[in-house]
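All residue numbers refer to positions in the sequence shown, counting from 1. Quick caveat: nothing in here was measured; it's all calculated off a predicted structure.
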Amino acid sequence: MYDDATQPLPVVGPQPGRTRAPETPTPAPRRSRRAQGDSTPPRASRRRTEDRRGRTPDRKERTAAERERDKRLRLAGRGIMAMVAAGVMGITGIVWYGETSLDQGFTRSGAISPEDVNLDGDINMLLIGLDTRKDLNGNDLPKEILDQLHAGDGTEGGYNANSLILVHIPKDLKHIVAFSIPRDDYVAVQGIPGYDHAKIKESYGLKKYTVEEKLKAKGMAEGPELERQGREAGRASIVQTVKALTGVPINRFAEVSLAGFYDLATALGGVDVCLNHAVDDSFYSGAQFPAGPQHLDGSDALAFVRQRHGLENGDLDRTHRQQAFLTSVANSMKSSGTLTNPGRLKALIDVAHKDVVLSDGWSLTDFATTLGRADSPSVEFRTLPVLRYDNVDGQDVNVIDPVAIKKTVREAFGVSTPAAPSAPIVTPTSTLDVVNASGTPGQAAKVSKLLTAKGFPAGEVANASYADGTSSTVYYGAGADTDAKQVSEMFGGLPVSPSTSVSAGHVKLVVGSDLDIPATLDPTATSTTPTTTANGSSTSLTATTDTTTSDAPDSGKPVTTTIGSKIPCVN
């Protein structure tokens, strides 16, 4: 997957006769209806009207040919923000190497939970790349910017968090770990009416839409304040969703939009990359590059991180490009002379103040001072593992193992995983319903019997419905949140979500094929959780062997690098 060979870099830029296909932006997130119970109609009829997807209701209807064209081209735009978070790393690099005037002038957000602000010197930082064609006030980007981005006319596009990177910086600064979170991971969400699960990228836009609709119903007009409150709700939602998925607190975050990435890439003067193979994806992303090391201008950098078609592992290979690009940005900040060039440095500072949103209380000057104590910190880039691909409500999703992900992230961050309790701490009062989505007959009855023996009042035992999904999840009705959390903890931390389809005073446990019955509940049980060792093990850039025997999608070997080291070659 990776090779650290580096050679003199040819410059790749616009060439005579070379054109890039126009692209349409990602639509606003569509709404799954898993939370709506057994009365849900078949998939084919589950479509929201355009105005419920964040589009203008009176917009002119497209012709069939235009819809088919947009369907093809939209695939190219889905990952356009996969690398915007790299710009944040570049901005922090400015203060890392001496600039101390950045802290004034940023848009700030209060999305971080107060209990997570102080982590005893550690930093868990979420970098968010937001796919939107709007500025921070909700206005369309200027046409000249949209033309450069091949982003349509600005009427398309939602608020997907298409790039998510969770970075752990320990207080001893010995080893920094960054996890890329695949944008299509299908995860539990909370506080979004009609949803208990969604693609992780959608938790921002869905929550923003929900809050804005409530505010408009109370009389708030379209404008900067509505946009500000909607985005604040979206930020809090994505932070909480990532926190629930990974099982670790988050005490810093930075958000960059589509325009922000372009501005940052342009101000940096392009990036150095390296490809294992030549690529020609001119129809979709516009990526058309030779194999080997090369320097890309701002537009080609977008094409590089946008490409998904023709890659061995699709979106997962795109996260590898994202990681390589982060390394390139950091190297560029250190070696290109940007930090000693007053004009270029001012351009970066101006871009940061215009395009970057930071969490309240985060001083980049203090952050840089902290990082400056380490001569050249080691950075390990990893990708959260995916069990398999699936289709839910007509959308392609990544099926994941939330318990295994929590274990992987906690171990990498040095956070101890609490032992699963053998019995509930508080005497259960909620009726426990158990449904079987595992495909193995008798699993629901077995689990129900084990939990009933631990004091949970027995309820219904049945097969899962389509609306229940296939992943192990704990749903609960009104008044049953405490018992739902206890069930979750006894299985090592299953996703927990309120659901209007579960009766008050009831907990519903969906038993999926991913459920691992711990020995504390059944000493005779053997784990059936698929292994994630191959995707989670620590491997350096020079590793050439792959010991995985799993058919799971390839999340790639971890990339271990240091600032100033060679740029890894990627697919």
Does any donor atom in the side chain of [X] or [Y] lie under 3.5 Å from an acceptor atom in the other side chain?
X	Y	value
N398	D185	yes
D281	H309	no
T473	S471	no
Y466	D393	yes
S499	D196	no

Is any side-chain heavy atom of [X] less than 4.5 Å from a side-chain heavy atom of [Y]?
X	Y	answer
L126	V239	yes
T132	R231	yes
P402	D514	yes
L127	F253	no
I123	N251	yes
V242	I250	yes
T210	K208	no
Y476	V496	yes

Just verifying a value: how many Å separate [X] [atom1] and [Y] [atom2], rounded to the nearest 0.5 Å?
X	Y	atom1	atom2	result
Q240	K207	CD	NZ	10.5 Å
E212	L226	CD	CG	4.5 Å
Q395	D390	CD	CG	12.0 Å
R228	S109	CZ	OG	9.5 Å
F491	Q486	CZ	CD	13.0 Å
K218	L215	NZ	CG	6.5 Å

Q.
Determine whether a donor-acceptor pair (N or O, by modelled atom type, separation under 3.5 Å) exists between the side chain of R410 and the backbone of G247.
A.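 Yes, R410 side chain to G247 backbone: donor-acceptor pair under 3.5 Å.
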Q: Mark yes or no for whether D522, through its side chain, and A519, through its backbone, hold a donor-acceptor pair below 3.5 Å.
A: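 No.
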Contacts under 3.5 angstrom, residues 422-432 side chains, donor-acceptor by atom type, not counting sequence neighbours:
from : atom 1 : to   : atom 2 : distance (Å)
S430 : OG     : D483 : OD2    : 2.7

Taking every non-hydrogen atom, the tightest pair across [X] and [Y]:
X	Y	answer
T520	P421	OG1-O, 4.0 Å
I112	S359	CG1-CB, 3.7 Å
V507	A484	CG2-N, 3.8 Å
A233	V211	CB-CG2, 3.4 Å
P182	V386	CG-CG2, 4.2 Å

Q: Report the C-alpha separation of K201 and L164 in whole Å, then their side-chain angles, then the decisive distance to 0.1 Å, and conclude whether the side-chain contact (heavy atoms from CB on, under 4.5 Å) test is met.
A: CA-CA 8 Å; K201 67 179 182 181; L164 292 168; 5.6 Å; no
Q) With sequence neighbours left out, which residue pairs that include part of residues 117-126 fulfil the side chain to side chain donor-acceptor pair (under 3.5 Å) condition? A)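 Qualifying pairs, neighbours excluded: D120-K171, N124-H168.
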Q.
Would K199 and V187 count as a side-chain contact (heavy atoms from CB on, under 4.5 Å) here? Give the steps.
A. CA-CA 6 Å; K199 294 183 182 183; V187 301; over 6 Å; no
(Q) Checking T246 now: which residues fulfil side chain to side chain donor-acceptor pair (under 3.5 Å) with it, not counting sequence neighbours? (A)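 Result, side chain to side chain donor-acceptor pair (under 3.5 Å) vs T246: none returned.
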Q | side chain to side chain donor-acceptor pair (under 3.5 Å) involving S497 - partner list, sequence neighbours excluded | A |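 Side chain to side chain donor-acceptor pair (under 3.5 Å) check on S497 returns nothing, list empty.
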Q: For K243, enumerate each residue passing the salt bridge (charged side-chain N to carboxylate O under 4.0 Å, His left out) test, keeping only those at least two apart in sequence or located in another chain.
A: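 Once residues adjacent in sequence are excluded, the partners of K243 under the salt bridge (charged side-chain N to carboxylate O under 4.0 Å, His left out) criterion are E115, D116.
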Q: Just jot down the salt bridge (charged side-chain N to carboxylate O under 4.0 Å, His left out) partners of E460, sequence neighbours excluded, or say none.
A: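 Once residues adjacent in sequence are excluded, E460 has no partner under the salt bridge (charged side-chain N to carboxylate O under 4.0 Å, His left out) criterion.
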Q: Step by step, work out the side-chain contact (heavy atoms from CB on, under 4.5 Å) result for E255 and Y204.
A: CA-CA 12 Å; E255 172 190 298; Y204 188 117; 3.0 Å; yes
Q | Test salt bridge (Lys or Arg N to Asp or Glu O under 4.0 Å) applied to E489 and K485, step by step | A | CA-CA 6 Å; E489 290 167 358; K485 291 175 182 176; over 6 Å; no
Q | Identified side-chain contact (heavy atoms from CB on, under 4.5 Å) counterpart of H320 within the set N571, T383, L311 | A |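 Only one of N571, T383, L311 forms a side-chain contact (heavy atoms from CB on, under 4.5 Å) with H320, namely T383.
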Q) Applying the side-chain contact (heavy atoms from CB on, under 4.5 Å) test to L515, which of V403, V447, D401 qualifies? A)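 Checked V403, V447, D401 against L515; only one passes side-chain contact (heavy atoms from CB on, under 4.5 Å): V447.
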**Q.** Stepwise side-chain contact (heavy atoms from CB on, under 4.5 Å) check, L166 with V248
**A.** CA-CA 10 Å; L166 182 61; V248 297; 3.9 Å; yes
